[in-house]
Amino acid sequence: MASAAILHLSSSTSSSFALSFKSSRQFSPQSIYVSKNLSFTVKASTSLDYSAPSKSKTNPSSWKWKFEGNSVNIHFERLESDGGAADRPRKNILMVPTISDVSTVEEWRLVAEEIVGKNGGVNWSATIVDWPGLGYSDRPKLDYNADVMERFLVDFVSSADSPISSFVTDEEYVVFGGGHAATIAARATKKGFLKPKAIAAVAPTWAGPLPIVFGRDSSMETRYGLLRGTMRAPAVGWMMYNFLVSNEKAIRSQYKSHVYADPENVTPSIIESRYALTKQKGARYVPAAFLTGLLDPVNSREEFLEIFAGLDGVTPVLVMSAFGAPKRSKAEMEALRGAKGIREFVEVPGALLPQEEYPKVVAEELYRFLLENC
């Protein structure tokens with residue numbers, strides 16, 4: 001998660017460096033020493049799980065995304081009304097998870113169930129999709145960056161074999177995105193690649209954990225590249241990833257320190273579920289890109305604001321900030337308050353994943369936005 005950690009960096013020689021990551025909460029960090037004199041002490045960023053009986057009909061499925069000669073199996077879920085609204089005009093919501101080490105469709109399930117289960121004048125349906133390289137989608141060794149993720153999102157909506165093309169005709173769809181996903185969706189919309197009727201940006205972010213703290217000068221970019229390359233390496237990469245990310249103690253600590261506003265909501269089952277995600281084949285490739293800023297859709301706050309300004313008068317945008325978001329991430333959300341292109345700015349309880357921690361509150365705000373703008 002962006003701005004989720006307090007980090008200490010010290011350089012040694014021009015070809016080596018040491019990074020040390022510490023949470024603002026007390027934690028006994030682990031350290032790993034690898035080639036090129038790298039020393040890391042890290043606590044992973046994560047997301048969260050909820051489980052509850054569905055009030056609507058959920059259809060999990062998959063789609064083959066064709067990209068640069070690869071056929072990537074993409075996991076997605078469709079939620080449709082199973083009640084009185086089924087015979088009314090249908091409108092569709094595309095829900096895109098926050099990009100993080102343990103990103104998954106599960107973060108949006110309860111929000112989707114709340115909205116789809118509403119007995120109003122519109123028959124809302126929802127599609128939640130996992131990013132390539134995350135969640136329950138395949139995790140091939142691609143050169144992941146923000147452009148690749150944007151391309152995926154556009155293809156998922158509008159390619160000839162899109163699994164949801166029949167549901168998003170005539171631009172009768174809305175995009176809900178969390179974190180980086182919100183900004184990537186807004187960027188694609190500004191370019192004209194996506195044409196949603198509205199966008200809801202929930203706890204939107206644009207900078208990865210390292211760039212938001214250390215910046216992006218040439219010296220730091222070199223260090224990020226070294227870290228990224230090491231994490232992607234065949235043997236040492238897995239060893240490093242296991243210490244930096246795939247670690248139950250680290251995941252638990254991050255959830256309690258900044259992913260959730262209330263540590264009491266972090267249960268053993270949530271940690272076990274997210275830890276299992278980090279053990280999937282190829283799980284380290286996207287986190288390596290995210291941590292080092294390759295998935296950042298912009299390079300500055302000015303560019304962040306320009307994206308949303310470009311939607312002014314074209315696409316209604318709701319920004320949903322969280323009261324308990326980490327300081328740096330909160331500052332970027334606050335920069336959107338009253339900014340050009342923002343139709344509405346609201347605050348809800350939570351930290352970096354309010355849609356998971358307080359799904360009913362988030363769903364109510366989103367539903368009201370839908371009624372007023374769609």
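Below 30°, between 30° and 60°, or above 60°: for Phe152 and Trp65 the angle between ring planes is above 60°, a perpendicular geometry.
The distance from atom CG of Asn92 to atom CG of Asn123, rounded to the nearest 0.5 Å, is 8.5 Å.
Identified under the salt bridge (charged side-chain N to carboxylate O under 4.0 Å, His left out) test for residues 227-238, with sequence neighbours left out: Asp143-Arg232. Residue pairs meeting the salt bridge (charged side-chain N to carboxylate O under 4.0 Å, His left out) criterion with at least one partner in residues 200-221, sequence neighbours excluded, are Arg216-Glu221, Arg216-Asp296. Legend: ring pair (Phe, Tyr, Trp, His ring centres under 6.0 Å) pairs involving residues 305-329, not counting sequence neighbours, sorted by first then second residue: Phe304-Phe308.
With sequence neighbours excluded, no residue forms a side-chain hydrogen bond (donor to acceptor under 3.5 Å, both in side chains) with Glu272. Judged as a side-chain hydrogen bond (donor to acceptor under 3.5 Å, both in side chains), and not counting sequence neighbours, Tyr275 has no contacts. Not a single side-chain hydrogen bond (donor to acceptor under 3.5 Å, both in side chains) links Glu303 to another residue, sequence neighbours left out. In this view, Glu248 satisfies the side-chain hydrogen bond (donor to acceptor under 3.5 Å, both in side chains) rule with no residue, not counting sequence neighbours. Phe369 pairs by the ring-ring contact (aromatic ring centres under 6.0 Å, His included) definition with nothing, not counting sequence neighbours. Partners of Arg187 by salt bridge (Lys or Arg N to Asp or Glu O under 4.0 Å), not counting sequence neighbours, listed by chain and number: Asp147, Glu150. Applying the side chain to side chain contact (heavy atoms under 4.5 Å, CB included) test to Thr127 and every residue at least two apart in sequence or in another chain returns Phe76, Arg78, Leu94, Phe156, Ile164. Considering only residues two or more places apart in sequence or on other chains, Arg368 meets the salt bridge (Lys or Arg N to Asp or Glu O under 4.0 Å) condition with Glu344, Glu365, Glu372. Listed by chain and residue number, nothing satisfies the ring-ring contact (aromatic ring centres under 6.0 Å, His included) test with Phe345 (two or more places apart in sequence, or in another chain).
In this structure the side chain of Asn73 never reaches within 4.5 angstrom of the side chain of Tyr136, judged on heavy atoms. Taking 4.5 Å as the limit, some side-chain heavy atom of Val362 sits within range of a side-chain heavy atom of Met320.
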